[in-house]
Amino acid sequence: MKSAMQNSGKRWFIAVMATLVHLCLGTVYAWSFFQKTVSETFGWSNSETAWAFSLAIFMLGVTASWGGQNLQKFGPRKLALIGAFLYAFGYIISYFALQNESLWLLYFGYGIVGGIGLGLAYVTPVATVSKWFPDKQGLVTGMVVMGFGLGALLMSKLLAPIFLEYFEKDLAKTFLAIGITLLVLLPFFANFLNLPTEEKSTEISAEKLSATKEILSPNFIFIWLIFMFNVVAGMIFISFQSPLLQDLLKAENVNIDTATLEKSGATLIAISALFNGLGRFFWGSISDKLGRVTTFRLLLLIEMGVFASLIFIKSPVLFSVGVCLILLNYGGGFGVLPSLIKDFFGTKLMPIVYGAALTAWGVGGILGPQITAYMKDHFSEDAGLYAYKVALVLIALGIGLSFFVKSKKNSIKIEL
């Protein structure tokens, strides 16, 4: 690892490229920008429409697990390039889905193909910079995953508005243009990802066997559940923050026009994306000082307080503040997780165990959006209220489980 630290210029360049890969991938977090429009345009229910996003996040988590196990076998460049192409093709297939009003083709393109691409391309930048920066784990992995959190800003305030205006609100052509743009940018950034020479392990089978034992351990199971509950809390808003805000604005002013509603929703997506991104960097850095589990416990406590407050809040402004705080802490979970996994399970096992931990993201990616979608379809006026109460219960469980995670501080092996 010493040579990796000495080659300062190269490792920082790789960290920047890794962050840009995540910035492009994070555009998936702007789904709520399209949720209401897609649902109303094609006559699909909130739940039916949200399944496209849920499938994408589920496939991300599942594929990231496989990617983590095979990172050293195939190398980060190859996995990231394949993922980049698949994620871009997911949007291109979605063009045909929307042109033909095919919900199942949308599931296949955006959800399955795009989701697999997300999983392959997501895990590789994080695991790569973790190898290059043994001395700045929380800082640098936080920086990289911050890019993913900021992706919604890129989509909601730049790509989607520009293409929607150019194509006169044609959703299908907008998805096609986004796919072509990603097809150009993502492979270019992904091409620069590689591991330090000395980290290309020849003991992959032994590492997989050891990692499997760790994945079955109580510590990993508790960490997986805590992370999954945090994901559900964030996904409740990531998938529906724009529609929920629009509902509050209409309740406050029945004469508000559609353009203003959509613009307000896009602005909230952009601002909350900043908090999502900064949370990954902020909490990742904080965890270097407070400890990983303590940091997780703290951000969950803050989330619990916010959700409890939102139950009684009807103001669009205060709702927006609450969304930003939730996503600050949601993003924080992603900023802390890579370092937590490395601290508990070691450097060599980190890509495999980290990939397995991301399956919690996939499960949370189904539960969070579907909880809100169900509430929207069956309890329209009180959808947020019921969703917040579910989130409160899950976060409380996460806080409780955090006290069962046993520290491995004394058994961690520093691998050079």
Side-chain angles (χ1 to χ4, degrees), residues 16-38 41 52-53 56-57 60 83-85 87-95 98 109-110 114 117-118 121-122 125 143-190 234 237-243 245-246 258-281 320 323-324 327-328 330-331 334:
V16 171
M17 292 298 104
T19 303
L20 291 174
V21 168
H22 266 214
L23 179 67
C24 293
L25 298 176
T27 52
V28 71
Y29 269 177
W31 174 256
S32 72
F33 182 91
F34 300 109
Q35 168 71 31
K36 189 172 186 291
T37 305
V38 170
T41 300
F53 177 69
I57 301 301
L60 188 166
F85 284 119
Y87 182 53
F89 285 138
Y91 275 96
I92 294 172
I93 294 171
S94 297
Y95 158 75
L98 297 178
Y110 191 92
L118 282 168
Y122 181 89
M143 181 185 85
V144 173
V145 296
M146 176 181 71
F148 197 93
L150 295 175
L153 172 62
L154 174 66
M155 178 64 82
S156 65
K157 281 300 185 182
L158 187 62
L159 294 181
I162 288 175
F163 291 133
L164 277 172
E165 182 176 356
Y166 183 80
F167 293 115
E168 299 179 342
K169 304 295 183 181
D170 189 316
L171 280 170
K173 291 180 180 178
T174 296
F175 271 62
L176 178 62
I178 291 169
I180 293 172
T181 302
L182 293 173
L183 195 58
V184 173
L185 294 178
L186 259 175
F188 176 78
F189 300 140
F237 285 132
I238 288 174
S239 55
F240 277 92
Q241 57 182 307
S242 179
L245 175 62
Q246 291 183 43
T258 302
T260 301
L261 287 172
E262 292 178 349
K263 185 177 180 180
S264 299
T267 299
L268 177 58
I269 294 171
I271 295 173
S272 67
L274 285 173
F275 280 83
N276 186 352
L278 291 174
R280 296 162 188 248
F281 182 76
S320 299
V323 169
C324 290
L327 291 193
L328 177 78
Y330 166 83
F334 286 88

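Residues Y87 and V28 are in side-chain contact: their nearest non-hydrogen atoms beyond the backbone lie under 4.5 Å apart. Counting only heavy atoms from C-beta outward, the side chains of V323 and L245 never approach each other to under 4.5 Å.
For Y110, there are no side-chain hydrogen bond (donor to acceptor under 3.5 Å, both in side chains) partners at least two apart in sequence or on another chain. Residues passing the side-chain hydrogen bond (donor to acceptor under 3.5 Å, both in side chains) test with S272, sequence neighbours excluded: Q241. With sequence neighbours left out, the side-chain hydrogen bond (donor to acceptor under 3.5 Å, both in side chains) criterion links K36 to E40. With sequence neighbours excluded, the residues satisfying side-chain hydrogen bond (donor to acceptor under 3.5 Å, both in side chains) with Q246 are S242.
Note: H22 NE2 to L25 CG = 6.0 Å, rounded to the nearest 0.5 Å. Between the CG atom of L327 and the CG atom of L274 there is a distance of 11.0 Å, given to the nearest 0.5 Å. Remark: N276 CG to I238 CD1 distance equals 5.5 Å, nearest 0.5 Å. For the atom pair K263 NZ and L261 CG, the distance stands at 12.5 Å (nearest 0.5 Å). With values rounded to the nearest 0.5 angstrom, L185 atom CG is found 5.0 Å from C24 atom SG. One finds the CZ atom of F281 at 8.0 Å from the CE atom of M143 (value rounded to the nearest 0.5 Å).
Summarising the geometry of V21 relative to A190, their closest heavy-atom pair is CG2-N, 3.7 Å, with the distance given to 0.1 Å. Across all non-hydrogen atoms, the minimal contact from A172 to Y95 is O-CD1, 3.1 Å. Between T37 and L171, the shortest heavy-atom contact is CG2-CD1, 3.8 Å. Closest approach of S94 to G109, counting heavy atoms only: OG-C, 4.1 Å. Contact between A18 and V144 at its shortest, heavy atoms only, is O-CG1, 3.9 Å. Here the closest heavy-atom approach between residue P187 and residue F85 is recorded as CG-CE2, 3.7 Å.
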Please tabulate, for the side chains in residues 145-169, all donor-acceptor contacts under 3.5 angstrom to protein atoms that are two or more places apart in sequence or on a different chain.
unit_1, atom_1, unit_2, atom_2, d
S156, OG, A152, O, 2.8
K157, NZ, T267, OG1, 3.1

Would you list the atom pairs, donor with acceptor, under 3.5 Å between side chains in residues 176-184 and any protein atom, with sequence neighbours excluded?
unit_1, atom_1, unit_2, atom_2, d
T181, OG1, A177, O, 2.8

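In this structure, Y91 places its OH atom where more than 12 heavy-atom neighbours from other residues, nucleotides or ligands lie under 6.0 Å away.
Ring centers of F237 and Y330: at least 6.0 Å apart, outside the cut-off.
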